[in-house]
S.K.: 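Got a structure for you, questions after.
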Amino acid sequence: MDLRIMKTKKNLYESLLYLMKEQVFETIKVADICQKAMINRSTFYAHFEDKYALLNSLILDLKEGLKEELEKNHKITNSKEYYLECLSLLLNHLEEHHDMYFPLILNNRNGIAMDMIYETVKEDIMGRMQMEHHSDFLPPSFIAHFYLGAILQVGIEWMQTKRYTKEQMLSYLDKLIPDNLNS
């Protein structure tokens, strides 16, 4: 991709996120984004159809980054270790991209961003569950959805409050997850 296009896209993302820290997405106008980004509206429309397309592009870029982060977790063979590492990777990703997630999720309660995180982690977990051999004790999809809900809620709670360190949260989760999910 052309460096100018990448810079413009990054500038528009940053401008949108800055505005979302101060107001809800629905009240933001393309003119506001352009003014903050110090670009003409024609430049904005050369890259995006509207503010929703800009938001969608931002979320897709975050999704790709999260998928890449979660791919680091495929060398672990134990289910418990997998879920602990999954949470660790999610927390690292949320922390690394805090400036993007904070206005999307916490200030705006953006369901699209939450859905993206949910679907991305679910795809990773379901892919993992299909690779493992399971007994008839519990259906893999039930296990996946159970731990997915826990991982996401813990991740969002951590992002909102920072009440616990990442290490404390992983320690707590280590105590909650049984050693063998397959029996």
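Since we're looking at a predicted model, the values are computed, not measured.
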S.K.: What's the spacing between Ile39 CD1 and Gln35 CD if we round to 0.5 Å?
M.R.: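 If we round to the nearest 0.5 Å, Ile39:CD1 and Gln35:CD are 11.5 Å apart.
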
S.K.: Output, in order, the C-alpha distance, side-chain angles, deciding distance and verdict of side-chain contact (heavy atoms from CB on, under 4.5 Å) for Thr165 and Met169.
M.R.: CA-CA 6 Å; Thr165 65; Met169 291 178 50; over 6 Å; no

S.K.: If you define the side chain from C-beta out and look only at heavy atoms, does anything of Phe44 sit under 4.5 Å from Leu54?
M.R.: yes

S.K.: Could you go through the side-chain contact (heavy atoms from CB on, under 4.5 Å) check for Tyr172 and Glu167 one step at a time?
M.R.: CA-CA 9 Å; Tyr172 299 153; Glu167 294 74 23; over 6 Å; no

S.K.: Group every Ile, Leu, Val, Met, Phe, Trp and Tyr by side-chain heavy-atom contacts under 4.5 Å, then state whether Leu16 and Leu60 land in the same group.
M.R.: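 No, it is not one cluster - the side chains of Leu16 and Leu60 are not joined through contacts under 4.5 Å.
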
S.K.: Considering non-hydrogen atoms only, spot the tightest contact between Asn40 and Cys34 and give its length.
M.R.: O-SG, 4.0 Å

S.K.: With sequence neighbours left out, what residues match Lys162 under side chain to side chain contact (heavy atoms under 4.5 Å, CB included)?
M.R.: Glu95, Trp158

S.K.: Could you grab the distance from atom CD1 of Ile151 to atom CD of Gln153, nearest 0.5 Å is fine?
M.R.: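 Separation between the atoms: 11.5 Å.
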
S.K.: Could you go through the side-chain contact (heavy atoms from CB on, under 4.5 Å) check for Glu49 and Tyr45 one step at a time?
M.R.: CA-CA 6 Å; Glu49 182 178 313; Tyr45 288 114; over 6 Å; no

S.K.: With sequence neighbours left out, what residues match Glu68 under salt bridge (charged side-chain N to carboxylate O under 4.0 Å, His left out)?
M.R.: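 Partners of Glu68 under the salt bridge (charged side-chain N to carboxylate O under 4.0 Å, His left out) test: none.
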
S.K.: What is the minimum heavy-atom distance between Lys51 and Ile28, and which atoms define it?
M.R.: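 Where Lys51 meets Ile28 most closely, the heavy atoms are NZ-O, 2.7 Å.
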
S.K.: Looking at Asn11, is its backbone amide N or carbonyl O close enough to the side chain of Ser15 to form a donor-acceptor pair, meaning the two atoms are under 3.5 Å apart?
M.R.: yes

S.K.: At what distance, to the nearest 0.5 angstrom, does CG of Leu94 lie from NZ of Lys166?
M.R.: 10.0 Å

S.K.: State, yes or no, whether a side-chain contact exists between Asp124 and Lys67 at a heavy-atom distance under 4.5 Å.
M.R.: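 Asp124 vs Lys67: side chains apart.
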
S.K.: Any ion pair linking Lys9 and Asp61 (charged N to carboxylate O, less than 4.0 Å)?
M.R.: yes

S.K.: Looking only at non-hydrogen atoms, find the nearest pair between Gly155 and Leu87 and report the distance.
M.R.: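 Closest heavy-atom pair between Gly155 and Leu87: N-CD1, 4.5 Å.
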
S.K.: If we ignore hydrogens and angles and just use 3.5 Å, is the side chain of Thr8 paired with the main-chain N or O of Arg4 as donor and acceptor?
M.R.: yes

S.K.: Looking at every heavy atom in both Asp99 and Lys21, which two are closest together, and how far apart are they?
M.R.: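 Residues Asp99 and Lys21, closest heavy atoms: O-CE, 4.2 Å.
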
S.K.: Are the side chains of Met100 and Leu58 in touch, meaning some heavy atoms are under 4.5 Å apart?
M.R.: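 Of all side-chain heavy-atom pairs linking Leu58 with Met100, at least one is under 4.5 Å.
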
S.K.: I'd like to know if Glu14 pairs up with Lys10 as an ion pair, taking the criterion as any Lys NZ or Arg NE/NH1/NH2 lying under 4.0 Å from an Asp or Glu carboxylate oxygen.
M.R.: yes

S.K.: Counting C-beta onward and ignoring hydrogens, is there a side-chain heavy-atom pair between Leu66 and Leu90 closer than 4.5 Å?
M.R.: yes

S.K.: Does Glu157 reach the side chain of Val154, with side-chain heavy atoms less than 4.5 Å apart?
M.R.: no

S.K.: Find out whether Asp32 and Lys36 are in side-chain contact, i.e. whether some heavy atom of one side chain is under 4.5 Å from a heavy atom of the other.
M.R.: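 In short, these two side chains do not touch, never coming nearer than 4.5 Å.
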
S.K.: When you group the ILVMFWY residues by side-chain heavy-atom contacts below 4.5 Å and let the links chain together, are Ile125 and Leu176 in the same group?
M.R.: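 Unlinked, Leu176 and Ile125 end up in two clusters.
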
S.K.: Can a donor-acceptor pair be found, under 3.5 Å and without considering hydrogens, that links the side chain of Asp50 to the backbone of Ala53?
M.R.: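 A pair under 3.5 Å: yes.
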
S.K.: When rounded to the nearest 0.5 angstrom, what is the spacing between CE in Met116 and CG in Leu62?
M.R.: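 It is 5.0 Å, given to the nearest 0.5 Å.
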
S.K.: Checking the side chain of Lys122 only, and the main-chain atoms of Ile117 only, is there a donor and an acceptor separated by less than 3.5 Å?
M.R.: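 No.
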
S.K.: Considering non-hydrogen atoms only, spot the tightest contact between Leu170 and Leu84 and give its length.
M.R.: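 Shortest heavy-atom separation between Leu170 and Leu84 comes out as CD2-O, 3.3 Å.
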
S.K.: Grab the two heavy atoms, one from His98 and one from Pro103, that are nearest each other, plus how far apart they are.
M.R.: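 Answer, listing the atom of His98 first, then Pro103: O-CD, 4.1 Å.
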
S.K.: Output the distance between atom OH (Tyr118) and atom NE2 (His145), rounded to the nearest 0.5 Å.
M.R.: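 Rounded to the nearest 0.5 Å, the OH-NE2 separation comes to 5.0 Å.
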
S.K.: Can you measure from NZ (Lys72) to OG (Ser88) and round to the nearest 0.5 angstrom?
M.R.: 10.0 Å

S.K.: What is the ring orientation for Phe48 with Tyr13, classed by angle as parallel under 30°, tilted 30 to 60°, or perpendicular over 60°?
M.R.: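 Answer is tilted, since the angle falls between 30° and 60°.
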
